[in-house]
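In what follows, a structure is listed as structure tokens, so that the remarks can point back to it.
The chains referred to below are lettered A, B, ... by the order of the sequence lines, with proteins before strands, and numbering in each begins at 1. Owing to the predicted nature of the structure, the values given are computational and were not obtained by experimental measurement.
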Amino acid sequence: MDEQPRLMHSHTGVGMAGHPGLPQHMQEGTGGTDGDGRKQDIGDILQQIMTITDQSLDEAQARKHALNCHRMKPALFNVLCEIKEKTVLSIRGAQEEEPPDPQLMRLDNMLLAEGVSGPEKGGGSAAAAAAAAASGGAGADNSAEHSDYRAKLSQIRQIYHTELEKYEQACNEFTTHVMNLLREQSRTRPISPKEIERMVSIIHRKFSSIQMQLKQSTCEAVMILRSRFLDARRKRRNFNKQATEILNEYFYSHLSNPYPSEEAKEELAKKCAITVAQVSNWFGNKRIRYKKNIGKFQEEANMYAARTAVNAANASSHGSQANSPSTPNSAGETGSFHCFL
DNA sequence: TTCGATGATTTACG
DNA sequence: CGTAAATCATCGAA
């Protein structure tokens, strides 16, 4: 018990040795009563704490070193450890395993689905470009919009990735910094690995909440982009003249059974530079609209019938081919009113 | 701005 | 599932 004052005094003595500039008035108190001395010691320590920011780094280092080298340091450290051991139990309860945030997962999934996060989809854009090139002039307008969308998306992706990387780096830097600090401090105060772990997880949580904000805003940006562009697929564009002619040609030359097979649809889609689904849509629309008002389409029907007839005639005269089964067939069908109904 | 044409989507059915 | 039918939403010419 009586070691305490001695320890304190020698402590301050060490401190004073390292800091000649500190106020000396406390030193004079050593001659007073025990209680007074203790109070003065506390005041001394407080004073030192208050002026700690005035110290230079070198002074602080010297002071720390002095503390570490003090002969009573291990004993005091053990005491601190013991105290800590008893109090730390209450803290441990606060550490619960947090489940993965469902909202964060939702954001992650969406970013992944949109191709913002995850692997760089260079192949995807190349494929799209190839497809656009293959479709020729037909898909030009469509691909123009698409490439615009793609460019904006990749812009978002780039920003997202650089920001994410920045956060990641900052987080790592900060973590290692804190770890170093704690490791350094663990020489003078007891710090359990669990505490370090906890501190790291706190840091990570903080940074991940920042990341979540980033993901949130990225998602919003993508959503806006989607509504502006991809939902513009609902903002339809009429097929070009050539495509409509090809489709009409097929329709009127198969008027008795205007239901192209899957293969036929694929071929038509390829020829018209549209998708098979669009071919299906077109035939669905055409059939119902033709049926609803045959008279309105009569002119069109005759026109295509004549055209196919001329084509067939040209083909037969030029190639002198005996077999041209589609020609009489189509001509006959176009005239007939008892079509696919 | 209007209005018919037209591609896409939705609903219902076998 | 593919299709018919109704409906939506936009286009494009008048």
Side-chain angles (χ1 to χ4, degrees), chain A residues 106 109-110 113-115 121 124-125 127-153 219-308 311 326 329-330 332-341:
Chain A
R106 227 189 54 227
N109 284 339
M110 203 195 119
E114 293 300 328
K121 297 218 295 192
S125 68
S135 65
D141 51 346
N142 192 14
S143 78
E145 271 181 31
H146 232 106
S147 73
D148 200 10
Y149 170 81
R150 198 174 292 285
K152 289 230 160 64
L153 187 65
C219 270
E220 274 170 27
V222 170
M223 289 306 267
I224 291 168
L225 191 65
R226 257 185 99 91
S227 67
R228 282 254 309 278
F229 284 87
L230 232 55
D231 259 14
R233 72 192 151 176
R234 196 182 177 93
K235 198 173 182 174
R236 67 183 180 77
R237 296 201 55 83
N238 290 352
F239 300 152
N240 61 43
K241 206 160 170 61
Q242 198 186 339
T244 339
E245 283 191 16
I246 291 167
L247 293 167
N248 271 318
E249 206 168 302
Y250 187 98
F251 180 78
Y252 287 113
S253 55
H254 298 75
L255 202 48
S256 66
N257 187 33
Y259 297 87
S261 65
E262 193 59 32
E263 297 84 51
K265 281 183 191 172
E266 280 169 17
E267 193 175 333
L268 285 167
K270 203 161 76 176
K271 275 204 273 190
C272 301
I274 58 180
T275 67
V276 175
Q278 283 177 305
V279 173
S280 296
N281 282 339
W282 190 91
F283 273 90
N285 284 322
K286 190 73 182 180
R287 279 190 300 260
I288 193 69
R289 281 161 187 166
Y290 180 85
K291 197 172 78 174
K292 258 190 169 174
N293 193 350
I294 296 179
K296 197 169 62 181
F297 289 90
Q298 200 55 54
E299 199 183 334
E300 190 179 63
N302 291 335
M303 193 185 86
Y304 279 99
R307 185 177 304 189
T308 51
N311 283 347
S326 67
N329 224 358
S330 62
E333 281 176 78
T334 317
S336 69
F337 284 95
H338 58 280
C339 48
F340 58 92
L341 298 170

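Out of dA4(C), dA5(B), dT6(B), the shortest distance to the side chain of Lys296(A) is found at dA5(B). Which of dT9(B), dG7(B), dA5(C) sits closest to the side chain of Asn281(A) comes down to dT9(B). If you check dG12(C), dT9(B), dT3(C) against the side chain of Arg287(A), the one that comes closest is dT3(C).
Applying the 4.0 Å criterion to OP1 and OP2 of dA8(B), one finds that Gln278(A) has a side-chain N or O inside that range. The shortest distance between the side-chain N/O atoms of Tyr259(A) and the OP1/OP2 oxygens of dA4(C) is below 4.0 Å. Taking 4.0 angstrom as the limit, Lys286(A) places none of its side-chain polar atoms (N or O) nearer than this to OP1 or OP2 of dG7(B).
Environment of CD in Gln242(A): sparse, with no more than 12 heavy atoms of neighbouring residues, nucleotides or ligands closer than 6.0 Å.
Atom CG of Asn285(A) and atom C1' of dT9(B) are 10 Å apart (whole Å). Here the C1' atom of nucleotide dG2(C) and the CD atom of Glu262(A) are 10 Å apart, to the nearest Å. Atom pair Ile274(A):CD1 and dT6(B):P shows a separation of 14 Å (rounding to whole Å applied). If you take CG of Asn293(A) and C1' of dA5(C), they are 16 Å apart, rounded to a whole angstrom. Whole-Å rounding puts the Leu247(A) CG to dT6(B) P distance at 12 Å. Computed from coordinates, the Arg236(A) CZ to dT10(C) P distance equals 10 Å when rounded to whole Å. As rounded to whole Å, 12 Å separates atom P of dA8(B) from atom CZ of Arg237(A). Note: CG (Asn240(A)) to C1' (dG7(B)) measures 14 Å, nearest angstrom.
Using a 4.5 Å cut-off on side-chain heavy atoms (C-beta onward), Trp282(A) and Leu268(A) make no contact.
Contacts classified as salt bridge (charged side-chain N to carboxylate O under 4.0 Å, His left out) and involving residues 245-269 of chain A (residues at least two apart or in different chains) are given here: Glu245(A)-Arg307(A).
Residues passing the ring-ring contact (aromatic ring centres under 6.0 Å, His included) test with Phe297(A), sequence neighbours excluded: Tyr290(A).
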TODO: Decide side-chain contact (heavy atoms from CB on, under 4.5 Å) for Tyr250(A) and Phe283(A); before the verdict, give the C-alpha distance in whole Å, the side-chain angles of both, and the deciding distance to 0.1 Å.
DONE: CA-CA 10 Å; Tyr250(A) 187 98; Phe283(A) 273 90; 3.4 Å; yes

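Contact annotation: side chain of Asn238(A) to base of dA5(B), donor-acceptor pair absent below 3.5 Å.
Using a 4.0 Å heavy-atom criterion, one finds that Arg289(A) contacts the bases of the nucleic acid, with or without backbone contacts as well. Using a 4.0 Å heavy-atom cutoff across all strands shown, Lys265(A) reaches sugar-phosphate atoms only and no base atom. Phe283(A) comes within 4.0 angstrom of nothing in the nucleic acid, heavy atoms only.
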